[in-house]
Amino acid sequence: MRLTFISIILFFSFFTAFSQNPWIQPIVQSVKADTIFTTIADLQAMDRVTASNSPVPHDYLKQKLEAYGMDTVFYHYYKPNTPPNVVGIRYGTQNPAEYWLMGGHYDAVLAGAGADDNASGTAAVLEMGRVLQDYEIKKSLILVLFSGEETGLWGSQAFADSAVNVINMAGMINLDMIAYSHNLEDSSVSACWKYFAGDLMQDFLTGVSLYVPGLKVDQDSTSGIINASDHASFWNHMIPALFLIENSDRWGGSFNPWYHQLSDTTGKGANSPWLAENITRAAITALLINIEPFSTISVPDEDLTASSMTFFPNPATTHITLQLPFNSEPVNITLFDRQGRMVINENDLRHGAQLDISFFPKGVYVVQLVSGKQAATGKLVKL
Ligand SMILES: [Zn+2]
């Protein structure tokens, strides 16, 4: 039997639910500790209590969000003589009324430089804006930097209380203190959640296992710390929110010794670029799973030939052949066309397996290979 091109596409579309979004991996890979730590260094030099000296932190944050192409960026003033929240919105192309949020507080305590607490989480939120700037998203994204956290969650409470009446907030991730590792050895994050955030927690765990495999996750729904930051303002409205914080051996004597100190600076309070990068990647992945990024003008440019999982030839005309490491687990291969439509999805393939692409139109395709916890994305040129 020879299937026509159309019927093959219909056949494979049954597998869509199991496919992975090919854009997530390249976006997550482009999250870099360098940009995160540059932002931390910039912020730790600013007055983030009264914001009365120049440079003004909320101006800095607004300019960054604007530079990253957010559709709208504004100050949210909520209390006299208090610096504003800074809010950036990117609208989804398919379901713009569904909003996903990533947030962190940018204020600091009077006694501290606030690198880990919480220039680190602020930098992670900005990083999301940066890595997403060349992509479209199907659901809407709000990046929000809160003021007034250290004085009692003022900014997040004012934001959540007013936004809940206006928009549908489907989920929120709050990052507060993500750049300190005890003895530089702890590679864990605490993911604090409540029962109504179970789906987002599951997306977070899926994202970590696929895209941030070195990060250990410690689920926390009981400790004394779980209400201690801005996500709690969203929990008050039963909005599914996660709180991410460096695990530092689950605190005790290993809690950041520079917390709320003058020496909460890069190299001391914020000492682990690795941890900051990986917690940021994990948060971003969980949100990307939900807002569904895509691009119609570019394809991931990761070089698959540099991966241990690859295929040949490329460019190809009739067939491609899988090339896998010796003793590799079976792989799942997915091909997408430039419009993001899945055209092939096949599971349990071994080294040497061949795929017939002779009936594909000429052009560029995105190829994603997944094997166990390994994933690789690249492009195939069909001649
Ligand atoms: Zn904090």
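Keep in mind that what you see is a predicted model, and the values were worked out from it rather than measured. The chain is numbered in sequence order, starting from 1.
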Does any non-hydrogen side-chain atom of [Y] lie less than 4.5 Å from one of [X]?
| X | Y | value |
| --- | --- | --- |
| Ile137 | Glu292 | no |
| Val31 | Ile36 | yes |
| Val87 | Ile89 | yes |
| Asn347 | Pro330 | no |

Please determine, by modelled atom types, if [X] and [Y] share a side-chain donor-acceptor pair under 3.5 angstrom.
| X | Y | value |
| --- | --- | --- |
| Asn174 | His105 | no |
| His182 | Glu246 | no |
| Lys216 | Ser187 | yes |
| Asn247 | Ser190 | yes |
| Thr321 | Gln354 | yes |
| Asp220 | Ser223 | yes |
| Tyr77 | Thr82 | no |

- [ ] Could you check Ser358 against Thr318 for side chain to side chain donor-acceptor pair (under 3.5 Å), going step by step and ending with a plain yes or no?
- [x] CA-CA 4 Å; Ser358 56; Thr318 58; over 6 Å; no
- [ ] Measure from the ring center of Phe360 to the ring center of Tyr365 and say whether it is less than 6.0 Å.
- [x]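 Yes, ring centres under 6.0 Å apart.
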Open item on the list: Aromatic contact between His231 and Phe243, with the criterion being ring centroids under 6.0 Å apart: yes or no?
Closed with: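 Yes, the ring of His231 comes within the 6.0 Å limit of the ring of Phe243, centre to centre.
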- [ ] Measure across Pro22 and Val366 and return the closest heavy-atom pair with its distance rounded to 0.1 Å.
- [x]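 Scanning both residues, the minimum pair turns out to be CB-CG1, 3.5 Å.
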- [ ] Looking only at non-hydrogen atoms, find the nearest pair between Ile178 and Asp116 and report the distance.
- [x]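 Where Ile178 meets Asp116 most closely, the heavy atoms are N-OD1, 3.3 Å.
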TODO: Cation-pi check, Lys62 to Tyr75: give yes when NZ or CZ is under 6.0 Å from the six-membered ring centre and within 45° of the ring axis, no otherwise.
DONE: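 Here Lys62 passes the 6.0 Å and 45° test against Tyr75.
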TODO: Determine the interplanar angle of the Phe196 and Trp235 rings, folded into 0 to 90°, and report it as parallel if under 30°, tilted if 30 to 60°, perpendicular if over 60°.
DONE: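 If you compare the ring of Phe196 with that of Trp235, the planes turn out perpendicular.
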- [ ] State whether the side chain of Asp117 and the backbone N or O of Asn256 hold a donor-acceptor pair below 3.5 Å, judged by distance alone.
- [x]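 Such a contact is absent between Asp117 side chain and Asn256 backbone.
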Task: Distance in Å, His58 NE2 paired with Arg48 CZ, rounded so as to fall on 0.5 Å steps - done: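 The distance works out to 13.5 Å.
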Task: Gap separating the NZ atom of Lys139 from the CG atom of Leu287, nearest 0.5 angstrom - done: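 If we round to the nearest 0.5 Å, Lys139:NZ and Leu287:CG are 11.5 Å apart.
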TODO: Write out all pairs satisfying salt bridge (charged side-chain N to carboxylate O under 4.0 Å, His left out) with one or both partners inside residues 262-281, taking only residues at least two apart or from two chains.
DONE: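 Salt bridge (charged side-chain N to carboxylate O under 4.0 Å, His left out) check on residues 262-281 returns Glu277-Arg281.
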